[in-house]
Amino acid sequence: MKKSNSVKKNPEYEHLKVEKKWQSLWEKKKVYKTKEKGKKHYVLDMFPYPSGTGLHVGHPKGYIGSDVYARLKRMQGYNVLHPMGYDAFGLPAEQYALEHKIAPRKAVMDNIKMFEKQLQIIGLSYDWSRKVNTTDPEFYKWTQSIFLKLFGSWYNKEKDKAEPIETLVRIFEKEGNEKIKAHTTERTTFSKIDWNSKTPKEKQDILMNYRLAYEGWSSVNWCPVLGTVLANDEILDGPNGPVSERGGYPVEKKEMRQWFLRITAYADKLLAGLEKLDWNDSIKEIQKNWIGKSEGLIFQAPVKDSDIVLETFSAHFEACYADTFFAIAPDHPLLPKLLADRSNQEEILKKANDIVKRRESFAEGEYKEIDGIFTGCYALDPLGNGNLPIWIASFALKEYGTGIVKCSAHDERDFAFAKKFNIPLKTVLMPLDKALGEKVKDLEVCFNDMESGILTEPKEFMGRNGKDARKDMVKYLVSKGWARVHATYKIRDAVFARQRYWGEPIPLVHSKDGTINPLKDKELPLRLPEVKSYMPTGTGESPLAGVSSWVKKGLETNTMPGWAGSSWYFLRYMDPKNKKAFADKKALKYWDSVDMYVGGAEHATGHLLYARFWHKFLKDHGLVFSSEPFKTLKNQGMILGPDNRKMSKRWGNVINPNDIVSTYGADTLRVYEMFMGPFEASLPWNTDSIIGSRRFLERTWRVSPQIIEKNKKSDPDFEIILHKTIKKVGEDIESFSFNTAVSAMMVLLNKIEETLSNGKIVSEKDFEAFLKILCPFAPHITEEIWQQFGNKKPLVLEKWPKYDPKKLVSDEVKIVIQINSKVRATCVVPYGSKEEYVSGLARGLAEVEKWIVGKDVQKVVFVPNKIINFVV
RNA sequence: GGGCAAGUGGCGGAAUUGGUAUACGCGCUAGUCUUAGGAACUAGUUCCUCACGGAUUGGGAGUUCGAGUCUCCCCUUGCCCACCA
């Protein structure tokens, strides 16, 4: 037994020396090198973009979390794959290169060097030998190869999977396309004779409607003054419409040739797959809303005096007997044909065009104007309400549903539109509220509440509640042949092209006959040409359109978007050096998919959706063996500046991790970032609070020389807390509750100090268990103390300690005594004591007697080992 | 407008199935040490009250012996989507 004044002292803890020592020793011994055998666990951070501005303390938060987790898994005996690499194509590098007049590749390589230096001093346990980089031709060769597979595939609805385009061509040659159920852009049908008589160019145009990667047109943000296309985040809202962030010049919409990926073919699979994923519910919800599946009915309505048949989609068809007019999108492709016989067609089309222009000049979600014009045409209501007028309406969207809506008084937009243009309305849904009912009848207000509304038409449904009648209504309308069941989706095919230089070249060749042909696999990688200028061409086209050697060969001038490489990079880590395939099948089968994926929630509808889509596509082709790429997902919250704003140069509130590491040490940074609050929460950095984490580590350092008992057992009270903490820390790391894990270890350290100062024993073996559970958070200092205890093998390779379930509870428990649910006293009783015993003991206490004397005890509530409550 | 999440001391935050609210840390107060300041250590710290005691988890109601936790209404904040038929 030692008194505190005669205790051995450790010299002051020098974090710089210790951290450097262990980082180089771990590297020398290759302790984090991944093997290819044993129970696997794949822990991955989202592919970072190495920006030129360097890291702030918020960036490593996710990396520290995943590192703590990876270290736990390693200590639990898993073969852990924990790699890091870079997503280095994209706009910021190109912009940076333009401004600083250096090649994007050079800029990116410099950034990576700086980024990596900052990461390495934090002591993250990556296997750096597996590093990948999207801008490396050996990597983007495979991105191009996957793109060609998408280009060479179609989606067979019958088999519900992607297939090579050749199978489709064979069907066309034998039967035409009439019976084909495919995910396609077009609906026209043709026979085998039609097909076989078509020119190569015509065939190619047809196939383009089926390919999973296809050429099309879409509007982009075009800035005439800058002569370039802008991304959404390069645009600001101006007083007279959108303007460019740089310079504030006006931005307009311009139709540009693009490549698309037919992600819509996978909408149902992407939706269904969400259920099995261990992801944050809000991210799943965001993806679900983004896919936006809406089930409803399609009605057909023949246009009067014409062979045109309108199709309308309705998800709220319960009150369809109230429909009195049609609304068609002002940019609907059917419009010119519909108006062909009208004498004033030019006037109408001009108006429609004006509406489209006006709508486009608003920022998304800002346009709320009610505008429209009567087409002069009528279509026959399939439900027998006669011929109804067809209006062009500002609220109708050509992209959603069929682009045509059957409208009624029971929809707010329809109602407002009809009121403005004096279109007749009728009501078939009534509220129970009489006063409101009168107003609805007189068409003073719009009523659209299906939950409480009662139907008055058709007579088969009279008196029924709108919501309850929905299912029967479907059966009724479908059986009569008036409607068919249909689902629409909000998700759109993804634009897979950028009019920029710094991206993967698209490996396609435009031939003189107008056909587009893929490069052969052995011609990959198609390398980005070295060019002198990265300036935009001024026409909106990519800088590659100005490279004559490129254009001469007919090569595609668009490049791939930033998300191309990030959609599959995690597969490359499984086998990063493979020259024959993006990864060997054996490796793909062994690693299967990412077990723990950590990154920001802002990628919910981008990266996380695209990667799932590519993965499902690759699975259809037998190139991967799991149906989802990321089993568990954790999203780290941001670290804000001390002023509660996003850290940025602009606010001057950026905290550099290098400064923290040199003042307090990497271990302190790691412990503090994990202790700050819940992993998923966004919290401001507090420079005052970090000292607490440093003190915790220093106290651990100072107490360690006092641990001198090798052969005696620890104090029993201490053992209980130790085993509880081992259990809690393991469980908390698994669930990413790092803050409570750290707090539990602080409690344990307090107990160690208390136990020792009371002259009781903490054995060396038990203290080492504490070092082991602290190791994932603070690997350097724990490794140093571990060595001081005479251990030769590195702590980071030790096994995670096992807790003894018998040591989780003590023999005695504290029982809370309540009178009328108010705490009046406590008492200590043997574990598992019965009610009679506790009750008797409690009644004997003076503090209790004071409250029950002279009163009737009506009821006693007893919860074993916890509480006894006397109701008086 | 629709959807989702959250609201607890001076601050960051903790609380298994409903069972001692405020763990842990910062800060603050007092003390020890020190020429002094800082660091470190020790003790205290939800609020009101000299005290007995009482109040308290955004506000209001409800269920219960007992509610931060469950139910309903309202307020506030954050995020996502948005003329989506």
Side-chain angles (χ1 to χ4, degrees), chain A residues 4 12 280-290 292-294 296-297 312-317 320 323 327 329 359 362 364-371 393-397 399-408 410-414 416-417 448 488-491 601-602 604-605 637 671-672 675-678 680-693 695-696 698-699 702 728 731 737 739-750 753 757 814-826 858-872:
Chain A
S4 57
E12 194 89 344
N280 182 325
D281 282 340
S282 76
I283 299 270
K284 288 205 223 178
E285 197 63 28
I286 290 170
Q287 290 210 350
K288 207 176 139 193
N289 291 341
W290 186 263
K293 184 173 184 174
S294 166
L297 295 175
T312 66
F313 173 76
S314 172
H316 306 291
F317 47 79
C320 58
D323 295 343
R359 194 161 72 179
F362 279 77
E364 221 160 312
E366 292 292 304
Y367 181 72
K368 297 270 173 347
E369 290 171 15
I370 301 168
D371 202 357
S394 58
F395 64 81
L397 305 171
E399 301 87 17
Y400 191 76
T402 62
I404 309 170
V405 207
K406 210 148 70 78
C407 302
S408 80
H410 299 299
D411 178 285
E412 271 186 55
R413 286 157 312 166
D414 299 354
F417 188 85
N448 61 358
T488 66
Y489 299 83
K490 281 192 217 168
I491 191 170
E602 68 275 15
T605 54
V671 169
Y672 178 60
F675 181 62
M676 279 174 77
E680 307 215 344
S682 289
L683 298 166
W685 180 265
N686 187 335
T687 307
D688 289 339
S689 290
I690 193 169
I691 192 67
S693 301
R695 280 182 197 146
F696 166 60
E698 272 181 4
R699 280 164 56 211
R702 260 182 273 128
K728 182 167 175 58
E731 288 169 356
S737 309
N739 56 332
T740 49
V742 173
S743 128
M745 288 187 287
M746 287 172 167
V747 172
L748 181 64
L749 177 63
N750 291 346
E753 288 175 336
S757 75
K814 195 157 94 179
I815 299 253
V816 172
I817 303 163
Q818 297 182 334
I819 318 294
N820 282 350
S821 306
K822 285 205 188 296
V823 180
R824 295 302 178 190
T826 60
Q858 287 170 352
K859 191 174 171 184
V860 180
V861 182
F862 177 69
V863 182
N865 303 318
K866 272 193 179 148
I867 204 163
I868 187 160
N869 186 11
F870 298 94
V871 185
V872 299

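Keep in mind that what you see is a predicted model, and the values were worked out from it rather than measured. Proteins come first, then strands; the chains are lettered A, B, ... in the order of their sequence lines, and each starts at number 1.
As rounded to the nearest Å, B/U57 and B/A14 have C1' atoms that lie 12 Å from one another. Comparing the P positions of B/A6 and B/C72 gives a spacing of 15 Å, expressed to the nearest Å. Distance noted for atom P between B/C79 and B/C84: 23 Å (whole Å). To the nearest whole angstrom, the two C1' atoms, one in B/A21 and one in B/C47, are 14 Å apart. Only the P atoms considered, B/G3 is 31 Å distant from B/G19, to the nearest whole Å. If you take atom C1' in B/C83 and the same atom in B/G1, they sit 10 Å apart, rounded to whole Å. Going from the P atom of B/G59 to that of B/C65 covers 25 Å, rounded to whole Å. As rounded to the nearest Å, B/U64 and B/C81 have P atoms that lie 44 Å from one another.
Each of A/Ala396 and A/Ser282 has a nearest nucleotide on RNA chain B; the 5'-most of these lies closest to A/Ser282.
Applying the 4.0 Å criterion to OP1 and OP2 of B/C4, one finds that A/Asn289 has every side-chain N and O outside that range. The side chain of A/Lys859 contributes an N or O atom lying less than 4.0 Å from OP1 or OP2 of B/C65. Within the 4.0 Å cut-off from OP1 or OP2 of B/C84, at least one side-chain nitrogen or oxygen of A/Arg413 is found. Residue A/Asn739 places none of its side-chain N or O atoms closer than 4.0 Å to OP1 or OP2 of B/A23. Put simply, A/Lys822 has a side-chain N or O that comes within less than 4.0 Å of OP1 or OP2 on B/A55. At the phosphate of B/G25, neither OP1 nor OP2 sits under 4.0 Å from any side-chain N or O atom of A/Arg695. For A/Arg702 and B/C41, the shortest distance from a side-chain N or O to OP1 or OP2 is below 4.0 Å.
You'll find that the side chain of A/Thr740 is closest to B/A15, out of B/A40, B/A15, B/C84. Checking B/G13, B/U20, B/C81 against the side-chain heavy atoms of A/Trp290 singles out B/C81 as nearest. Of the candidate nucleotides B/A82, B/C24, B/C65, B/C65 has the atom lying nearest to any side-chain atom of A/Ser821. Side chain of A/Leu397, nearest nucleotide from B/G19, B/C84, B/C4: B/C84.
Using a 4.0 Å heavy-atom cutoff across all strands shown, A/Ile691 reaches sugar-phosphate atoms only and no base atom. A/Pro678 comes within 4.0 angstrom of the backbone, heavy atoms only, and of no base. Within the 4.0 angstrom heavy-atom criterion, base atoms lie near A/Gly403. Residue A/Asp414 is out of contact with every strand shown, counting any heavy-atom pair closer than 4.0 Å. Here A/Val747 lies in heavy-atom contact (under 4.0 Å) with sugar-phosphate atoms only. At the heavy-atom level, A/Ala744 lies nowhere under 4.0 Å from the strands shown. Among the atoms of the strands shown, none is found under 4.0 Å from any heavy atom of A/Glu412. Note on A/Glu369: a base of the nucleic acid sits closer than 4.0 angstrom, heavy atoms only. A/Asn686 comes within 4.0 angstrom of nothing in the nucleic acid, heavy atoms only. Using a 4.0 Å heavy-atom criterion, one finds that A/Val863 contacts the bases of the nucleic acid, with or without backbone contacts as well.
The interatomic distance linking A/Gln287 (CD) with B/C4 (P) rounds to 17 Å, in whole Å. Atom pair A/Ile286:CD1 and B/C81:P shows a separation of 7 Å (rounding to whole Å applied).
For B/G1, the paired nucleotide is B/C81, the pair qualifying as Watson-Crick or G-U wobble because both relevant distances are below 3.5 Å. Pair assignment for B/U56: none, as no Watson-Crick or G-U wobble contacts are both less than 3.5 Å. For B/U76, the paired nucleotide is B/A6, the pair qualifying as Watson-Crick or G-U wobble because both relevant distances are below 3.5 Å. Base pairing of B/G66: no nucleotide in any strand meets the Watson-Crick or G-U wobble criterion (both distances under 3.5 Å). Pair check for B/G25 finds B/C11; Watson-Crick or G-U wobble, both atom distances under 3.5 Å. Base-pair partner of B/C50: not found among the strands shown (Watson-Crick or G-U wobble, both distances under 3.5 Å). The nucleotide B/A36 finds no pairing partner, because no Watson-Crick or G-U wobble arrangement with both distances shorter than 3.5 Å includes it.
The closest donor-acceptor contact from the side chain of A/Ser394 to the backbone of A/Asp371 lies under 3.5 Å. A/Asn820 places no side-chain N or O within 3.5 Å of a backbone atom of A/Lys822 that could act as its donor or acceptor partner.
A/Ile867 CD1 to A/Ser821 OG: the interatomic distance, rounded to the nearest 0.5 Å, is 8.0 Å.
Glycosidic torsion of B/G38 falls outside 90° of 0, placing the base in anti.
Other residues, nucleotides and ligands place more than 12 heavy atoms under 6.0 Å from the NZ atom of A/Lys284.
If you check distances only, the side chain of A/Lys814 does reach the base of B/U20 with a donor-acceptor pair under 3.5 Å.
Here the closest non-hydrogen pair linking A/Lys490 and A/Trp290 is CB-O, 3.8 Å.
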